Amino acid sequence: MREKIAFIGGGNMACAIIDGLLGQGRQPAGFLVVDPYAPTREALAARGLACVEAAGPGLDDATLCVLATKPQVLREACGQVRRHLPADATVVSIAAGVELASLSDWLGGHARIVRAMPNTPAKVGLGMTGLYATQACGPAERERVDALFAAVGERIWTDSEAMIDAVTAVTGSGPGYVFHFMAALEKGAAELGFAPADARRLAVSAFRGAAALAASEDVALTELQDRVTSKGGTTYAALSLMREAGVADAIVRGVHRAEQRARELSAG
Ligand SMILES: NC(=O)c1ccc[n+]([C@@H]2O[C@H](COP(=O)([O-])OP(=O)(O)OC[C@H]3O[C@@H](n4cnc5c(N)ncnc54)[C@H](OP(=O)(O)O)[C@@H]3O)[C@@H](O)[C@H]2O)c1
């Protein structure tokens with residue numbers, strides 16, 4: 001069956017996914033983008049994608065419909081989509097904090113829905129997307145959605161919708177935590193005498209290198225840490241201070257706080 005993917009909202013995240021799919025060789029003719037903002041439509045149309053201002057008959061043969069608006073306008077967007085959504089289309093929502101029950105309600109009882117929580121590294125093909133599908137989605141639907149997010153990085157399927165809040169707390173917000181740590185490393189480098197551009201380069205490089213190493217070796221992260229921490233050495237000195245300051249504990253508590261906040265936001 002020929003795939004037709006409709007994006008409701010052609011903003012940052014939708015474009016990251018579209019870029020990933022085009023980069024994998026998908027044809028622009030397989031997409032429809034619905035976005036009320038003319039410059040967004042013009043930029044996408046210049047790349048050969050069909051774009052419309054509002055959901056209409058163009059949706060009638062969509063196999064996948066990706067809801068990619070901001071959460072606060074999603075209800076209104078669904079109101080437009082529901083009139084044209086094919087009953088057998090799979091709907092994927094990337095809207096943070098909008099529960100499946102609301103989505104199904106807003107879409108007139110539509111059952112085949114997947115909730116997705118991507119993160120911003122999707123823009124460079126290194127995203128992690130958490131996914132949860134309703135019972136109405138079979139293996140074929142799951143595969144189709146998995147392929148969508150495979151274009152922008154890794155995927156993790158969860159067994160419950162609640163775990164989407166956990167994904168949000170770990171990888172959705174995770175890049176923010178990492179930027180926080182990177183900015184601190186950059187500040188330390190600047191204080192040691194490096195010019196701003198070099199301080200930034202050193203901080204980014206430490207993370208890029210450590211992340212690549214961690215991804216390449218199937219050993220515990222604590223083991224990797226121990227390997228670069230000889231007793232009495234420089235790393236040991238710094239980590240001893242960080243332990244005393246409770247850095248790791250604060251990160252763990254931060255993850256719990258984020259999950260709690262995600263639950264609060266989902267509850268409305
Ligand atoms: N960016 C992330 O890292 C990230 C991560 C996980 C999840 N998400 C989720 O992804 C969603 C999109 O985020 P984003 O950063 O891509 O936002 P964005 O860049 O603001 O994109 C949203 C787009 O939807 C358009 N839109 C508004 N109302 C519409 C309607 N009724 N029909 C069709 N399109 C409409 C907006 O147009 P206007 O500009 O004219 O309003 C805008 O172009 C959000 O729900 C967010 O929670 C984002």
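Positions are given from 1 along the sequence. Predicted model, so just to flag it, every value in this text is computed and none were measured. Counting convention: from 1, in listed order, for ligands and their atoms alike.
Under the ring-ring contact (aromatic ring centres under 6.0 Å, His included) criterion, Phe181 pairs with Phe207, sequence neighbours left out. By the side chain to side chain contact (heavy atoms under 4.5 Å, CB included) test, Ala150 pairs with Arg155, sequence neighbours left out.
With contacts defined as side-chain heavy-atom distances shorter than 4.5 Å, the pair Gln24/Leu21 qualifies. The shortest distance between side-chain heavy atoms of Arg26 and Phe31 falls below 4.5 Å. Side-chain contact between Val114 and Trp157: present, with at least one pair of heavy atoms (C-beta onward) separated by less than 4.5 Å. Considering only heavy atoms from C-beta on, Arg227 comes within 4.5 Å of Glu223 through its side chain.
Put simply, Leu126 and Met128 are part of two different groups of oily side chains (I, L, V, M, F, W, Y) that touch within less than 4.5 Å, one to the next.
Around atom 8 (N) of ligand 1, the closest heavy atom drawn from Thr129, Ile94, Thr168, Val33 belongs to Ile94. Of the candidates Ile17, Asp35, Thr69, the one placing a heavy atom closest to atom 36 (C) of ligand 1 is Asp35. Atom 5 (C) of ligand 1 has its nearest heavy-atom neighbour, among Gly172, Ala122, Pro118, in Pro118. The residue from Pro175, Gly11, Pro39 that puts a heavy atom closest to atom 21 (O) of ligand 1 is Gly11.
Here the side chain of Lys4 pairs a donor or acceptor atom with the backbone of Gly58 at under 3.5 angstrom. Here the side chain of Arg112 pairs no donor or acceptor atom with the backbone of Thr134 at under 3.5 angstrom.
Ligand 1 has an N or O atom lying under 3.5 Å from an N or O atom of Asn12, backbone or side chain. Checking only distances, Lys70 does come within under 3.5 Å of ligand 1, N or O to N or O. Annotation: Ala77 places no N or O atom under 3.5 Å from an N or O atom of ligand 1; distance criterion only. No N or O atom of Met117 sits closer than 3.5 Å to an N or O atom of ligand 1. The shortest N or O to N or O distance between Asn119 and ligand 1 is not below 3.5 Å.
Note that SG of Cys78 and NE2 of His110 are 10.5 Å apart. Values are rounded to the nearest 0.5 Å. Between atom CD of residue Gln260 and atom CZ of residue Arg253 there is a gap of 12.5 Å, rounded to the nearest 0.5 Å.
Of the protein's non-hydrogen atoms, Met13 CE, 3.8 Å is the one closest to atom 1 (N) of ligand 1. Annotation: atom 33 (C) of ligand 1 to nearest protein heavy atom, Val34 O, 3.4 Å. Protein heavy atom closest to atom 3 (O) of ligand 1, with residue, atom name and distance, is Thr120 CG2, 2.9 Å.
Distances from ligand 1 to the non-hydrogen atoms of Pro36 include at least one value under 4.0 Å.
Close approach to Ala96 involves these atoms of ligand 1, each under 4.0 Å from a residue heavy atom: 45 (O), 47 (O). For ligand 1, the atoms lying closer than 4.0 Å to a non-hydrogen atom of Ile8 are 32 (N), 33 (C). Each of the atoms 27 (C), 28 (N) of ligand 1 lies under 4.0 Å from some heavy atom of Val73. Each of the following atoms of ligand 1 lies closer than 4.0 Å to a heavy atom of Gly9: 23 (C), 24 (O), 25 (C), 33 (C), 34 (N). Atoms of ligand 1 lying under 4.0 Å from at least one heavy atom of Pro71, given by number and element, are 44 (C), 45 (O), 47 (O).
Remark: Arg263 does not engage Asp165 in a salt bridge, criterion side-chain N to carboxylate O under 4.0 Å.
In this structure, atom 39 (O) of ligand 1 is not in close contact with the protein, since no protein heavy atom lies within 4.0 Å of it.
For Ala68, every heavy-atom contact with ligand 1 shorter than 4.0 Å involves the backbone, none the side chain.
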